[in-house]
Amino acid sequence: MLALARPLLRLSPAEVTFAKRRFHDPGPELRQRLEGVGEAFRAGYHAALQEDRPAPLGARLDEMPAGLRGFAYEGAGMSLALQDALSLFRRDRVERFLAGPGDPHVYLVIVGA
């Protein structure tokens with residue numbers, strides 16, 4: 001059942017743009033940095049939609065640049081929490097992730113969740 005809902009949970013790349021959010025444009029350099037943060041969050045969110053097993057998900061998130069990695073873990077936390085909330089049977093994704101590779105990023109995973 002959850003597999004059918006996953007396409008509906010995807011976030012468009014436009015969702016992390018200043019134009020979509022109607023934010024004041026701080027200039028190209030800062031806009032690019034902030035949109036990069038949003039894209040890292042979105043990448044982590046989608047990584048957890050595609051792979052909810054802790055070890056492979058953690059390995060994928062750890063490939064992110066160090067300065068953006070925490071945002072990817074935050075996105076993964078949100079995705080795992082949504083999947084837990086929507087699942088009829090398996091509701092331990094966040095817990096399992098925090099007991100493994102999410103542990104060093106516990107604060108950001110919980111913020112996302």
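Keep in mind that what you see is a predicted model, and the values were worked out from it rather than measured.
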**Message:** As a quick check of understanding, evaluate salt bridge (Lys or Arg N to Asp or Glu O under 4.0 Å) for R91 and D84, giving each step before the final call.
**Reply:** CA-CA 4 Å; R91 303 177 69 110; D84 280 352; over 6 Å; no

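Between the CG atom in L11 and the CE atom in M78 there is a gap of 8.0 Å [rounded to 0.5 Å]. How far CG of L98 is from CD1 of I110: 5.5 Å, rounded to the nearest 0.5 Å. With rounding to the nearest 0.5 Å, the separation of CG in L61 from NE2 in H105 is 8.0 Å. Distance check: E15 CD to F41 CZ gives 11.5 Å after rounding to the nearest 0.5 Å.
Nearest heavy-atom pair across P101 and P54 is CG-O, 3.0 Å. Minimum heavy-atom separation, L57 to A76: CD2-CB, 4.4 Å. The minimum heavy-atom distance linking S12 with R42 is given by the pair O-CD, 3.6 Å. What you find for R31 and P26 is that their closest heavy atoms are N-CG, 3.8 Å.
Annotation for R90: atom CZ counts as buried by contact number, over 12 foreign heavy atoms lying within 6.0 Å.
Between L68 and V37 there is a side-chain heavy-atom pair separated by less than 4.5 Å. Using a 4.5 Å heavy-atom threshold, the side chains of E74 and V109 count as separate.
Two different hydrophobic clusters hold L108 and F71 under the rule that ILVMFWY side chains link at heavy-atom gaps under 4.5 Å.
The main-chain N or O of L80 is never found under 3.5 Å from a side-chain atom of R93 such that the two would form a donor-acceptor pair. In this structure, Q83 contributes its side chain and S79 its backbone to a donor-acceptor pair below 3.5 Å. Between the side chain of H46 and the backbone N or O of R10, no donor-acceptor pair lies under 3.5 Å. Although no hydrogens or angles enter the test, the distance criterion places a donor-acceptor pair under 3.5 Å between the side chain of Y45 and the main chain of L9.
The aromatic ring centroids of F97 and Y73 lie less than 6.0 Å from each other.
Between the side chains of R60 and Q50, at least one donor-acceptor pair of N or O atoms lies under 3.5 Å.
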